[in-house]
Amino acid sequence: MSAPVTELLDLSLVIPAYNEAASLPGLLTELRAALSHLDKTYEVIVVDDGSTDGTFQVLKQLAEADPCLIAVQLRRNFGQTAAFAAGFNLAQGEVIVTLDADGQNDPADILALLAKIDAGYDIASGWRVNRKEPFITRRIPSLIANWILARRSGVRLHDSGCSLKAYRREVVKHVRLYGEMHRFIPALASGMGVTAAEVPVNDRARQFGKSKYGLSRTFRVILDLFTLNFLLGFQARPMQLFGGLGLLTGGAGFLILLYLTYLKLTQNVLLSNRPILWLGVMLVIIGVQFMFFGLIAEMMTRIYHESTNTQTYTIRQIVHNQLTSQPANYPTDQLPTHPAHDLPRHEATQHRP
């Protein structure tokens with residue numbers, strides 16, 4: 001481990017990968033071609049999220065020949081959000097660009113994203129205008145999710161699920177990621193008063209492997225939307241949520257009891273032989289309790305991670321420029337020195353692939 005680096009790069013690219021051994025060589029070739037037009041120092045951080053197809057072996061070979069490539073191997077499959085978090089913690093660029101490793105994001109679109117950042121925006125988000133995904137299982141849920149996010153966060157994006165995005169460093173460095181919240185980074189950062197712009201990007205068909213997402217992803221997104229709605233609106237004032245629901249449910253219960261009292265006094269109706277009434281009451285109570293338990297558990301998880309400064313991932317090893325390290329839990333304040341950092345800017349750009 002070397003001393004912390006004080007000088008920042010111009011650009012960091014963060015790419016999570018899971019079983020993408022076949023697509024990575026071609027993607028990195030495209031990245032080098034796209035970035036060769038920029039007079040910027042940069043790094044490419046590829047995080048292998050516990051792949052089983054030899055992805056890290058491919059990355060290791062590529063990283064040993066490319067000083068701008070950093071290959072990170074997580075100990076197991078922690079999920080895409082954790083892989084993004086690992087890349088963000090290691091990133092040393094003033095601007096951080098994210099994209100998928102499957103080749104569906106076009107590296108040539110990065111230049112347009114960076115142009116928006118240079119124009120003064122904090123976030124530049126890709127917009128897959130002509131999406132090559134199933135309409136019912138992927139596009140309709142995406143439309144609903146984007147509409148909810150726009151109304152709740154004030155950050156109006158047509159395609160929040162597109163991984164191709166560019167962020168100013170201070171945006172991602174102040175956003176804590178848990179669960180599967182990586183797709184909601186612009187909404188999570190809305191409390192910082194960020195400005196966001198959309199850029200139409202090319203959505204390409206997958207050439208290797210198959211999609212890691214199915215219909216179950218839609219249900220996870222719905223649950224994440226509920227969590228996000230709570231975090232954006234009621235994290236600092238939960239009593240307004242719980243109190244409001246308590247008034248609604250308590251008021252409804254009071255009206256029911258008042259009505260039953262009226263029936264008992266005026267018509268002498270027997271109430272104890274109506275099991276459907278008690279079944280309905282029990283189901284409502286159980287449903288409300290489950291929702292509350294989910295919210296409380298979410299908050300407890302965040303309090304635990306932030307108070308203990310623990311991460312949602314552990315790194316097995318990092319390969320960079322033929323240097324391999326095997327930290328048990330890689331600290332975020334002691335990053336490996338990049339060769340480009342130790343050179344003047346005009347020499348550092350000569351190391352671009």
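Along the sequence shown, residues are numbered consecutively beginning with 1.
For the atom pair CG (D106) and CG (L99), the distance works out to 10.0 Å, reported to the nearest 0.5 Å. The CG atom of D66 sits 11.5 Å away from atom CD of E43, with the distance rounded to the nearest 0.5 Å. Once rounded to the nearest 0.5 Å, the distance linking CD1 of I70 with CG of L59 reads 12.0 Å. Separation of atoms CG (L35) and CG (D10) is listed at 11.0 Å; rounding is to 0.5 Å. Atom SG of C68 is separated from atom CD1 of I45 by 11.5 Å, given to the nearest 0.5 angstrom. Once rounded to the nearest 0.5 Å, the distance linking CD of Q104 with SG of C162 reads 10.0 Å.
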Item to check | Step-by-step side chain to side chain contact (heavy atoms under 4.5 Å, CB included) determination, S125 to D159 | outcome: CA-CA 8 Å; S125 180; D159 188 9; 5.9 Å; no

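With hydrogens and angles disregarded, a donor-acceptor distance shorter than 3.5 Å links the side chain of D48 to the backbone of S51. The backbone N or O of P25 sits less than 3.5 Å from a side-chain atom of T29, completing a donor-acceptor pair. The closest donor-acceptor contact from the side chain of N77 to the backbone of D49 lies under 3.5 Å. S12 places no side-chain N or O within donor-acceptor distance of the main-chain N or O of Y42, the cut-off being under 3.5 Å. Within the 3.5 Å criterion, the main-chain N or O of N105 finds a donor-acceptor partner in the side chain of R204.
Closest heavy-atom contact between A21 and D53: N-OD2, 3.2 Å. Smallest separation of non-hydrogen atoms from P16 and A83: CB-CB, 3.6 Å. When all heavy atoms of L28 and V44 are compared, the closest pair comes out as CD2-CG1, 4.0 Å. Closest heavy-atom contact between Y18 and G50: CE1-O, 3.5 Å. The shortest non-hydrogen separation linking E20 to T55 is N-OG1, 3.0 Å. A pairwise comparison of heavy atoms in A91 and I96 identifies CB-CD1, 3.8 Å as the closest pair.
Between the side chains of Q80 and D100, at least one donor N or O sits under 3.5 Å from an acceptor N or O. With no hydrogens or angles considered, a side-chain donor-acceptor pair links T195 and D122 at under 3.5 Å.
Residues I318 and L90 form a side-chain contact, since some pair of their non-hydrogen atoms from C-beta on lies under 4.5 Å apart. The shortest side-chain heavy-atom distance between F88 and V14 falls under the 4.5 Å cut-off. Within the 4.5 Å cutoff, the side chain of L13 has heavy atoms near those of the L31 side chain. At least one side-chain heavy atom of V46 sits under 4.5 Å from a side-chain heavy atom of L24. Side chains of V171 and V194 form a contact here, defined as non-hydrogen atoms less than 4.5 Å apart.
Using a cutoff of 4.0 Å between basic side-chain nitrogens and carboxylate oxygens, E94 and K40 are not scored as salt-bridged.
Clustering ILVMFWY residues whenever any of their side-chain heavy atoms sit less than 4.5 angstrom apart, transitively, puts Y121 in a cluster other than the one holding L111.
For A166, the side-chain contact (heavy atoms from CB on, under 4.5 Å) partners two or more places apart in sequence, or in a different chain, are V95, V97, L113, I117, A124.
Taking the centre and axis of the six-membered ring of F78, the NZ or CZ atom of R76 falls inside the cone set by 45° and 6.0 Å.
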